[in-house]
Amino acid sequence: MNNMRVVAAAAIAMLTALPASADTRGFIGFHWTFDSFGSTPEAALGIARVRLDSDGDARGAKASVHLPLSDGLTFGKAKLVGVRGKSDRMIEAGLGWSAETGSVLGTAGLWAPYVDAGLDFDLSGVQGYGGINSLKKWD
């Protein structure tokens, strides 16, 4: 549980470190995760804070909680990622905590309006994900 506190503190620090001109949005999503053991649906809840420059370059951070839906609503992962790119497409990379494996995880992916996909990895292996979300193009 101490690791969850560290992830939460890092999320707060990263999200508040962006300038006041950054746009903050809450989001929900539905992902399908997959690995060598099969696939699982999950819900995602989070907050994103992005600063958009006049030339369309974007950078920011996202913090999210992922809730597997296969055995009822349970806690699965917490993630904190940095995002960088354009207002309509970004790469994201960061760290998180997996309740399933009880370990820190790395994450990397791509975001576009209303969709995202990527990989989570820890010592137990790699898990892919793809899905939809409520985040539209940043303007």
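What you are looking at is a predicted structure, and each value in this text was computed from that prediction instead of being measured. Each residue takes its place number in the sequence, starting with 1.
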| query | So do the side chains of M90 and R84 get within less than 4.5 Å of each other, counting heavy atoms only? | reply | no
| Any side-chain heavy-atom pair of K86 and D57 under 4.5 Å | yes
| field | Contact summary for S98 and L105, nearest pair of heavy atoms | value | CB-CD2, 3.6 Å
| Can you name the closest pair of heavy atoms from W97 and G102 and give their distance? | CH2-O, 3.0 Å
| Relative to F121, does K77 satisfy both conditions: NZ or CZ under 6.0 angstrom from the six-membered ring centre, and within 45 degrees of the ring's axis? | no
| Can you check whether D120 reaches Y129 side chain to side chain, under 4.5 Å on heavy atoms? | yes
| query | So do the side chains of F27 and S64 get within less than 4.5 Å of each other, counting heavy atoms only? | reply | yes
| query | Do the side chain of T33 and the main chain of T40 share a donor and acceptor less than 3.5 angstrom apart? | reply | yes
| Considering all heavy atoms, the nearest L95-G106 contact | CD2-CA, 4.3 Å
| field | Whether over 12 other heavy atoms sit under 6.0 Å from R25 CZ | value | yes
| query | If you round to the nearest 0.5 Å, how far is CG of L67 from CD of E42? | reply | 8.0 Å
| Taking 4.0 angstrom as the limit, do R51 and D53 come out as a salt bridge? | yes
| field | Within-4.5 Å side-chain heavy-atom neighbours: V83 and I91 | value | no
| query | Does K137 pair with D139 as a salt bridge, N-O distance under 4.0 Å? | reply | no
| I28 atom CD1, over 12 foreign heavy atoms within 6.0 Å | no
| To the nearest 0.5 Å, how far apart are CG in L69 and OG1 in T74? | 8.0 Å
| message | Which heavy atom of S87 sits nearest to which heavy atom of A58, and what is that distance? | response | N-CB, 4.3 Å
| How long is the span from the CG atom in L119 to the CG atom in L110, to the nearest 0.5 Å? | 9.5 Å
| request: Assess whether side-chain contact (heavy atoms from CB on, under 4.5 Å) is satisfied between W138 and V50, documenting all intermediate values. | output: CA-CA 8 Å; W138 297 86; V50 171; 3.6 Å; yes
| query | How about F30 and P41: do any of their side-chain heavy atoms sit closer than 4.5 Å? | reply | yes
| said: Using 0.5 Å steps for rounding, measure from the CG atom of L135 to the CG atom of D116. | reply: 8.0 Å
| said: Using side-chain heavy atoms (C-beta onward) and a distance below 4.5 Å, is D122 in contact with Q127? | reply: no
| Side chains of H31 and N133: do they bring a donor and an acceptor to under 3.5 Å? | no
| request: Kindly indicate whether the side chain of R89, heavy atoms from C-beta on, has any atom under 4.5 Å from the side chain of W111. | output: no
